[in-house]
Asker: 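Let me give you the structure first, and then I'll get to my questions.
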Amino acid sequence: MTLFDILRLGFGDVVEIGLVAFILYQLYRLMRGTIAVQIAVGLLALFVVQGVVWAFDMTVLSTVFNYFNQVFLLAVIVIFQPEIRRLLLVLGKNPIVRRFVTSSDQSEVVKETVGAVEEMASTQTGALIAFQRTTGLRSYIETGEPLGADVSRDLLLTIFYGQNPLHDGAVIIGGRRIEAARCILPVSTSMKLSPQLGLRHRAAVGLTEQTDAFVVVVSEETGNISVSRDGALISNITTDELQTYLSNALSVESPSVSAPSPRSRVPA
Ligand SMILES: Nc1ncnc2c1ncn2[C@@H]1O[C@H](COP(=O)(O)OP(=O)(O)OP(=O)(O)O)[C@@H](O)[C@H]1O
């Protein structure tokens, strides 16, 4: 008699256990370092209290918990909306599907952007530039001023010039076009980010936590260049490194520069 016979486990059960373990592990990875962990612990504590209430047959509290249970599923969806979104995004990043997505040549976009960022870094001009990849950014584009212009170094410099009314907020680039300027991005609440980081950098991370966008930040305070992807921030990179990261993100054949070292990588 094998262990499987004793436990009465079939092949389907083993697959199911594996899948549940995988989903729970992915959920843990998505929630790690976010406020959702504390909320999950709070919900767990509520379940323990509920168990005690039922065990001792406390009628008043049982009624209260019955009401709570009716809205529980809805509350979980609302509370964990960012995590659920990220989980679906991870599942949606199927490499087989992505093979069928044709990418236009973005080398001009990379060249113009790197040129503008280099200039803005040297003049300490703050900038926030988001590149749409497979996740649509329409809901963020709609928060800004629509532009629909080709990406160019000079236009990016003009937008982020301090006296320009469009300089506040983020520019969103889709394909070869600047879709909009002055866009509002979601701000990350990750506790893994340095408390010194301001809203511009947190907005960059916030967007890449929720979508597969690639975001470039120029700090107004230091002139440092940072990039964010998949909820992580890589700070203080050179323009050569930016070129490599951006080329990779936009699937452009990268020029031969040495691979950037992930020195200030901060997972969010
Ligand atoms: N949610 C947001 N979406 C888009 N842009 C934002 C958002 N929040 C702040 N910003 C931009 O960031 C600017 C404020 O940056 P702040 O000084 O707080 O950030 P920082 O990360 O310290 O950057 P810096 O190093 O440039 O000062 C705002 O003027 C605005 O342009």
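Start at 1 and go down the list; that is how both ligands and their atoms are numbered.
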Asker: Is a side-chain donor or acceptor of Arg133 paired with a backbone partner of Asp212 at a separation under 3.5 angstrom?
Answerer: yes
Asker: Using distance alone, determine whether Thr222 and ligand 1 share an N or O pair under 3.5 Å.
Answerer: no
Asker: Please report the shortest heavy-atom distance between Arg229 and Asn248, naming the atom on each side.
Answerer: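 Smallest heavy-atom distance, with atoms named: NH1-C, 4.4 Å.
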Asker: Nearest heavy-atom pair of Leu137 and Ala213: which atoms, and what distance?
Answerer: CD1-CB, 4.1 Å
Asker: Against heavy atoms of Leu128, which atoms of ligand 1 measure under 4.0 Å?
Answerer: 4 (C), 5 (N)
Asker: Quick check: Asp168 and ligand 1, any N/O pair under 3.5 Å apart?
Answerer: yes
Asker: Checking side-chain contact (heavy atoms from CB on, under 4.5 Å) for the pair Leu193/Ser188: CA distance, chi angles, key distance, verdict?
Answerer: CA-CA 9 Å; Leu193 292 174; Ser188 170; 3.7 Å; yes
Asker: What protein heavy atom sits nearest atom 12 (O) of ligand 1, and how far off is it?
Answerer: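 Scanning the protein heavy atoms, the shortest distance from atom 12 (O) of ligand 1 goes to Arg200 CB, 3.4 Å.
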Asker: Tell me which protein heavy atom sits closest to atom 21 (O) of ligand 1, plus the residue, atom name and distance to 0.1 Å.
Answerer: His201 ND1, 2.6 Å
Asker: Quick one: closest heavy-atom pair of Ser226 and Asn236, and the distance?
Answerer: OG-N, 3.8 Å
Asker: Which of the numbered atoms in ligand 1 are under 4.0 angstrom from any heavy atom belonging to Ala203?
Answerer: 1 (N), 2 (C), 3 (N), 7 (C)
Asker: Give the atoms of ligand 1, by number and element, whose distance to some non-hydrogen atom of Glu220 is under 4.0 Å.
Answerer: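 Heavy-atom distances to Glu220 below 4.0 Å select 24 (P), 25 (O), 26 (O).
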Asker: So, for atom 17 (O) of ligand 1, does the protein have a heavy atom nearer than 4.0 Å?
Answerer: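 Within 4.0 Å: no protein heavy atom nearby.
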Asker: Any idea which atoms of ligand 1 are less than 4.0 Å away from a heavy-atom of Val187?
Answerer: 1 (N)
Asker: Among all the protein's non-hydrogen atoms, which is closest to atom 25 (O) of ligand 1, and how far away is it?
Answerer: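 Protein heavy atom at minimum distance: Ser219 OG, 2.5 Å.
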Asker: Which atoms of ligand 1 sit under 4.0 Å from any heavy atom of Gly198?
Answerer: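 Close to Gly198: 18 (O), 19 (O), 20 (P), 21 (O), 22 (O).
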Asker: Check the pair Glu221 / Ser219 against side chain to side chain donor-acceptor pair (under 3.5 Å), numbers first and verdict last.
Answerer: CA-CA 5 Å; Glu221 229 168 274; Ser219 166; 5.7 Å; no
Asker: In this structure, which one of Glu119, Glu112, Glu108 forms a salt bridge (Lys or Arg N to Asp or Glu O under 4.0 Å) with Arg153?
Answerer: Glu119
Asker: Is it true that a side-chain atom of Asp230 and a backbone atom of Ala232 form a donor plus acceptor pair closer than 3.5 Å?
Answerer: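 Checked: no pair found.
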Asker: Please name the residue in the list Leu155, Ile159, Val151 that meets the side-chain contact (heavy atoms from CB on, under 4.5 Å) test with Val171.
Answerer: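 Of the listed residues Leu155, Ile159, Val151, the side-chain contact (heavy atoms from CB on, under 4.5 Å) partner of Val171 is Ile159.
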Asker: Got an N/O contact under 3.5 Å between Gly169 and ligand 1?
Answerer: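 So ligand 1 has an N or O lying under 3.5 Å from an N or O of Gly169.
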Asker: Please determine if Leu185 has a nitrogen or oxygen closer than 3.5 Å to a nitrogen or oxygen of ligand 1.
Answerer: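 Yes.
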Asker: For atom 4 (C) of ligand 1, which of the options Ala204, Cys183, Gly144, Gly223 provides the nearest non-hydrogen atom?
Answerer: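 Nearest heavy atom to atom 4 (C) of ligand 1 lies in Cys183.
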Asker: Which residue supplies the protein heavy atom nearest to atom 9 (C) of ligand 1, what is that atom called, and how far is it?
Answerer: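 Closest protein heavy atom to atom 9 (C) of ligand 1: Leu199 CB, 3.5 Å.
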Asker: In the protein, what heavy atom is nearest to atom 27 (O) of ligand 1, and what distance, to one decimal place, separates them?
Answerer: Glu221 OE1, 3.6 Å
Asker: Among Val215, Val227, Thr113, find the one that has a side-chain contact (heavy atoms from CB on, under 4.5 Å) with Phe131.
Answerer: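 Between Phe131 and the candidates, side-chain contact (heavy atoms from CB on, under 4.5 Å) is satisfied uniquely by Thr113.
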